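Reviewing the structure listed below.
Scope of the values below: all heavy atoms of this structure, side chains included, with no hydrogens, waters or symmetry mates. First listed ligand is number 1; within each ligand, the first listed atom is number 1. No experiment lies behind these values; they were computed from the predicted model shown. Throughout, numbering of the chain's residues begins at 1 and tracks the sequence.
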Amino acid sequence: MSQKVLLTGGAGFIGSHTYIELIKAGFDVVILDNFSNARPDVIDRLEVITASPVTCYKGDVLDGALLDQIFAEHKIDAAIHFAALKAVGESADIPLEYMNTNIAGLYSLLRAMDRAGTSALVFSSSATVYGQPDQLPVPENAPRSYTSPYGFTKLACEQSLEQVAASDSKWAFGILRYFNPAGAHDSALIGEDPSDIPNNLMPYIAKVATGELAELAVFGGDYDTPDGTGVRDYIHVMDLARGHVLSVKALLETGQCHTVNLGTGIGYSVLDMLHAYARAAEKPLPHRIAPRRLGDVASVYADPTQARDLLGFTAELGLDEMCASSWNWVSRRKNT
Ligand code: UD1
């Protein structure tokens, strides 16, 4: 019988792409999502892509009774916990909301798993836990810190998982530190879909390419990098999705905890990204150099060796695939 995975936040950007990879790998999947940052038609689209019905509960991870119902109705072998708030700027305005959703949300899920006897969990963490790293590429044992309430919640969740794991060897946790997700599924049926003006680079460039935004403000042109603009480790969302499948498999096979970076190990600058996207969209994309954004660092990219050694994970898709698949998604979506 197939093993069953609960995806909290499974209708979101990374969750929905992971759903596809899990189904492809032979897992049964149950989605729980409150649709606060996902469109309801994502579920229909997942049904088209996978050519099979999707089991989805609409509700909140803080709802312990709903979690009990899901665990009673399904024999869940592992959970992947995507459901969280993720806007750095917003987290400074409403820190309590971030702490409640992100930290209390994790506790709610862990307690329900404990009641149900499920002990394998993959947790969505972020390179944000490295704060301002002083070592590049960043290894997993680099010092952790935070520069925003959002970063605080991710670090608090990681530390909570470490305490819980230390209390009882039954727990198996996979902590995945994402670098900068980009791209979309090849079908162009799902992808990143921010309703507001995006804070992150890739969705912003995408909206410049579709004409929804006039130009990209490049935050800083005088960093100590090859072209003066910020360097990051962009990873294709389908690679990221595959990383989750490998993490869940490792947890179920070994029962051992792991913490790994999910990145490519390659850094690209803001201008590299803009030029690659312009190639994919086959049009020039207007930009101007603007002041640095508070809290940004010059360069951050992953040391990917631990993910390779522990999970057998290596990113396979490059910059052109990220930009082409993103353009495919946003240009078709705009025309439908
Ligand atoms: C940001 C968050 C990080 C979070 C991650 C999620 C901050 C300080 N950090 O990372 O905590 O985990 O998103 O994906 O917000 N840029 C521009 N113009 C723009 C937008 C971005 O030049 O309009 C530049 C930035 O200065 C940076 C690069 O693009 O050099 C990437 O920015 P972004 O996509 O926001 O990601 P991070 O800052 O790396």
[X], portion touching ligand 1 at heavy-atom distance under 4.0 Å:
X	result
Tyr268	neither
Tyr178	neither
Val270	side chain
Leu201	both
Val300	neither
Val231	neither

message: Can you report which non-hydrogen protein atom sits closest to atom 12 (O) of ligand 1, along with the distance?
response: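 Here the nearest protein heavy atom works out to Ser126 OG, 2.9 Å.
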message: For atom 35 (O) of ligand 1, what's the nearest protein heavy-atom neighbour? Residue, atom name and distance, please.
response: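 For atom 35 (O) of ligand 1, the nearest protein heavy atom is Arg293 NH2, 2.8 Å.
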message: Which label fits His275 and His287: parallel for a plane angle under 30°, tilted from 30 to 60°, or perpendicular past 60°?
response: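 His275 vs His287 ring planes: perpendicular.
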field: Under 4.0 Å to a heavy atom of Val88 - the qualifying atoms of ligand 1, by number
entry: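 Those qualifying, in numeric order: 2 (C), 3 (C), 7 (C), 9 (N), 11 (O), 15 (O).
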query: So is there a nitrogen or oxygen of Tyr204 less than 3.5 Å from a nitrogen or oxygen in ligand 1?
result: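 For ligand 1, there is no N or O atom that lies under 3.5 Å from one belonging to Tyr204.
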- request: Flag Phe219 as yes when one of its N or O atoms lies below 3.5 Å from any N or O atom of ligand 1, and as no otherwise.
  value: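 Yes, at least one N or O pair falls under 3.5 Å.
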- request: Answer with yes or no whether Phe13 contacts ligand 1, where contact means a heavy atom under 4.0 Å from a ligand atom.
  value: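 Distance cut 4.0 Å: Phe13 fails for ligand 1.
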message: Quick check on the 6.0 Å ring-centre criterion: do Phe13 and His185 meet it?
response: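 Not close enough - the centres of the two rings lie 6.0 Å or further apart.
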query: Do Tyr57 and His74 have their ring centres less than 6.0 Å from each other?
result: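 Judged by ring-centre distance (under 6.0 Å), Tyr57 and His74 do meet the cut-off.
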task: List for me each residue that meets side chain to side chain donor-acceptor pair (under 3.5 Å) alongside Asp44, sequence neighbours excluded, and say none if there are none.
output: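 Asp44: no side chain to side chain donor-acceptor pair (under 3.5 Å) contacts found.
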message: Suppose we screen for side chain to side chain donor-acceptor pair (under 3.5 Å). Which residues come up paired with Thr305, at least two apart in sequence or across chains?
response: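 For Thr305, the residues satisfying side chain to side chain donor-acceptor pair (under 3.5 Å) (neighbours in sequence not counted) are Asp303.
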